[in-house]
Amino acid sequence: MRHDTGYGHPERPERISAVIAGLESSGIPLVGVAPEPASIDLLSAVHDAEYISRFEKFCADGGGAIDMDTYAGAASWEASLRAAAAGPAVCDRLDEGVADLGYVAMRPPGHHAVRDRAMGFCFFNNVAVTAACLTRRGNRVAIVDWDVHHGNGTQDLFYEDPDVLYLSIHQEGIYPGTGSLSETGHGEAEGTNLNIAVPGRTGGEFYIRAMSEVLVPIITQFKPDWLLVSSGYDAHVDDPLAGLNLVADDYGSMAQLLAPLVPAGRSVIFLEGGYDLDALRQSAAATVRGWLDPTFQAGPADEGINPQGYLRWAQEVAARYWKLP
Ligand SMILES: [Zn+2]
């Protein structure tokens, strides 16, 4: 909450209150975890030591603008350390069996942060820190990124890592400009990276079909030990920064499809973007209900367009590496 991005910035503290209100309203019992700041060793798994110390000094000097839209203040260093450590802390608690699903409701978000640079409101790549921590322990990790923006940082960090599967659905032609179907991973990791970029006004019906007909079969064959979700809610129709047409229940429908892919206690959802407070609250609630509440039933996902040609292109590329139904 003390990570101050400046007056009028969309990535603001109220986002966390909205997500927590959503989780509390979901009817799912919650167990709190308060993460300690990340150690430099933990961060070093995905970030350069020189970048880490440069960012520490930048915040200690009072912060400011890092690029056109990424701001840090004096408290952003500690907030970033805690956000980066939250995923591993949640995994430890899940390993102890305290809950069936982890939810990292933290900011700053992370999926744009690359090895040596902050980008797009992100400083440390929270989901990547967690994935690296899990692969160091011998696990295979699948990351689903349904934020409306491509998670360029996460993709880059694991582009040559065959133990991390990265699957993203995002809007084409917007920030950060990466994330095309031709980016499929490299070397031994060829095929472990898939991007589905969709046109503006795409709605939930497309997302749910892409999830069930492309992403779910790939994840099933990859056989991950852990499933992490980069869960931005900026593909919501009410989001002010992007142009897709999802409704809150669509996140619940996607959660319902993902939940059975790993055993209970082996999944963590990470808040990324999402800038409309009501959309954040309702979508966060729908996500955990879809994941955990067997009585969850989504309303009709009929907002927006359903560009079938984009699904066929994704199937053609995915079929080079995976068996699709
Ligand atoms: Zn986003």
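Counting starts at 1 for both ligands and their atoms, in listed order.
Between Asp163 and Arg136 there is no salt bridge, since none of the side-chain N atoms of the basic residue sits less than 4.0 Å from a carboxylate O of the acidic one. Classification of Arg54 and Glu50 as a salt-bridged pair holds, one side-chain N sitting under 4.0 Å from a carboxylate O.
When the N, O or S atoms of Asp147 are ranked by distance to the Zn ion (ligand 1), OD1 comes first. Per residue Asp234, closest N, O or S atom to the Zn ion (ligand 1): atom name OD2. Atom ND1 is the N, O or S atom of His149 at the shortest distance from the Zn ion (ligand 1).
Between His47 and Phe124, the ring-plane angle classifies as tilted under the 30° and 60° cut-offs.
Aromatic ring centroids of His112 and Phe121 lie 6.0 Å or more apart.
Residue contact annotation: His111 places no N/O/S atom under 2.8 Å from the Zn ion (ligand 1).
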